[in-house]
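One structure below.
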Protein chains: 2
Amino acid sequence: MNVSNLHYVIFIFFLILDMIEQSGRNLNKGISADCVIFGFDFEKIQVLLIERNPVHSQKPEYALPGDLIYDDENLDHAAGRVLKELTGLTDIFLEQLGAFGDPNRLDKDADQKWLKTVRSNPDVRVITVAYFALVNLRSFNPRPSHFARNVVWKPLNEIRELAFDHLEILNSAKKRLKTNLDLRPIGFNLLPEKFTLTQLHKLYEAIQGKEIDKRNFRRKMAKLKIVERLNDKQRGVPHKPSNYYCFNLENYNKLVEEGFNNFGF
Amino acid sequence: MNVSNLHYVIFIFFLILDMIEQSGRNLNKGISADCVIFGFDFEKIQVLLIERNPVHSQKPEYALPGDLIYDDENLDHAAGRVLKELTGLTDIFLEQLGAFGDPNRLDKDADQKWLKTVRSNPDVRVITVAYFALVNLRSFNPRPSHFARNVVWKPLNEIRELAFDHLEILNSAKKRLKTNLDLRPIGFNLLPEKFTLTQLHKLYEAIQGKEIDKRNFRRKMAKLKIVERLNDKQRGVPHKPSNYYCFNLENYNKLVEEGFNNFGF
DNA sequence: GCAAAAGTGTTAACTGTACACCCATGA
DNA sequence: TCATGGGTGTACAGTTAACACTTTTGC
């Protein structure tokens, strides 16, 4: 059995576990959990979207991944389940954004047509609880799930249109990401365990949407001591290799205890 | 007809208007809106709670005001309705905190007993969307409503216990109030239109839970130009009368446009 | 004239910001 | 040796933080 076969077997194994776990449970038809999943490719912030088969038009339509919740399931768990189905990842940064529940949020024509193909009660009012998640783009390959045949990364700044009220949810997540970055070192969730200061710097610029002076950025990071220099550098790059760093959680916790809260630029 | 009679007639008039507006609508049995309503008495932050008649015990039990939403009603509107029923106020600062939906959030013994007396389906799972509101304590007298016979102000720092998961919601609101105060001049919603700098100063201290130097506080307020000195001072106080000020929205908007966002101390 | 809260300035430490050049590597 | 991005220091401006006394009023 080769490695690829093994992956397949493991995948099926977990699928069966999920089926066992979920058998005999009732869906709550009035409440869903949708996830805004952010990733970073060292250039731009990306968002994980599901591609919806266009019912009549030719151009593809996109939506945030989400699913109805089970009636005995708490909200955070439902969001974690969506995330796990699409990414295979657990233990990921995941926080609630809020509830979105306009009575007519599902009423757009294209949305209704699509709902009729996937839900047993397309007319019932659904309130969604939105989450935002931060993941390291390189740590997995998006995979299809029962609510999504195709899963794709889209650059955050190029998304102009989404199904339902998902654009509103996305904008809310974008704002939250930006304001939170000044309050706590949330950005490290978007990077691999070891990273270069240039990658971290670009991440801050991408989220803030503005240039930050390289020397000032590095000085502040050094002063805060929330990154730790590793004895390891890039290899095979056609320029001076960059040193790797990792996030130092203990030093961050110390800062918080002291009441420090300005992580912005 | 005297003033007190007139108030009564007006109250009944609006009650009838509400009944007409709500007749023929269906309640959504699975979703409620709860409000954390903060007020400030120039000394402490207060929270508006409803008093629940204890079913078996003698000590009174308190809960956040809230109600099931109507099926054709959006979430913000439902929260506004709760606020209006209790306070008579509209156009109040009101923002969503998030959804709270543990499957067992209604399962505490005392809560179940109480629910059986007021709801037709006490066993159904209810997810609540929590809001926080900021009001000027002096601008109204709390009044009973269809979901609350007694309404009382309680000092925020003395609340140790609430029905359901309301203590969790309250703590979330408390945190939100505190962190938001550094980002925007949210505190003015807790004061009357004209106020003294000492009142504003005490408000900041009450929310931040720490002392702030009087001179530094006043200097920063003066520099920001978000308060405007009025030609009016306290009268009849047994000490130097304090000048009144009002909030200057235009100057605040100017600051925001310039990208300024540090309103903290 | 006394009690009570209002109102006011200065200094030192720190933080943020602007800015330009040398370094290590692969090709 | 050249192209590429990595890495560093200094000076000035603005902000924060600590601190004590005089003023105005009612009684």
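Both backbone and side-chain heavy atoms feed into the values below; hydrogens, waters and symmetry mates do not. Residue numbers start from 1 in every chain, and the chains themselves are labelled A, B, ... in the order their sequence lines are given, proteins ahead of strands.
- Screening residues 241-265 of chain B for salt bridge (Lys or Arg N to Asp or Glu O under 4.0 Å), with sequence neighbours left out, gives no hits.
- At the phosphate of D/dG6, OP1 or OP2 sits under 4.0 Å from a side-chain N or O atom of A/Thr198.
- Distance A/Tyr245 OH to D/dG6 P: 12 Å, rounded to the nearest Å.
- A search for ring pair (Phe, Tyr, Trp, His ring centres under 6.0 Å) contacts involving B/Tyr244 returns nothing, not counting sequence neighbours.
- A salt bridge links B/Glu43 to B/Lys202: at least one charged side-chain nitrogen sits closer than 4.0 Å to a carboxylate oxygen.
- The side-chain hydrogen bond (donor to acceptor under 3.5 Å, both in side chains) test applied to A/Asp182 returns A/Gln208, not counting sequence neighbours.
- Taking the ring pair (Phe, Tyr, Trp, His ring centres under 6.0 Å) definition, one finds that A/Phe147 meets it with nothing, sequence neighbours left out.
- Evaluation of the ring pair (Phe, Tyr, Trp, His ring centres under 6.0 Å) rule for A/Phe132 yields A/Phe93 as partners, not counting sequence neighbours.
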Checklist entry - Using a cut-off of 4.0 Å between protein heavy atoms and nucleotide atoms, how would you tag nucleotides 19-27 of chain D 5' to 3' with B, S and -? => result BB--BBBS-
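- A/Asn157 meets the side-chain hydrogen bond (donor to acceptor under 3.5 Å, both in side chains) test with no other residue; sequence neighbours excluded.
- Computed from coordinates, the A/Phe217 CZ to D/dG7 P distance equals 12 Å when rounded to whole Å.
- Partners of A/Lys225 according to the side-chain hydrogen bond (donor to acceptor under 3.5 Å, both in side chains) rule, which considers only residues two or more places apart in sequence or in another chain, do not exist here.
- Residues from residues 253-265 of chain B that place a heavy atom under 4.0 Å from any atom of DNA chain D, listed by number: B/Asn262.
- The ring pair (Phe, Tyr, Trp, His ring centres under 6.0 Å) search around B/Phe188 returns B/Phe195, B/Phe247, not counting sequence neighbours.
- Here the range on DNA chain C touched by chain A, meaning any atom under 4.0 Å from one of its heavy atoms, is C/dG16 to C/dG26.
- Neither OP1 nor OP2 of D/dG5 sits under 4.0 Å from any side-chain N or O of A/Ser242.
- Atom P of nucleotide D/dT8 and atom NZ of A/Lys223 are separated by 17 Å, given to the nearest angstrom.
- Judged purely by atom type and a 3.5 angstrom limit, B/His201 has no side-chain atom pairing as donor or acceptor with the backbone of B/Thr196.
- With sequence neighbours left out, the side-chain hydrogen bond (donor to acceptor under 3.5 Å, both in side chains) criterion links B/Lys233 to no other residue.
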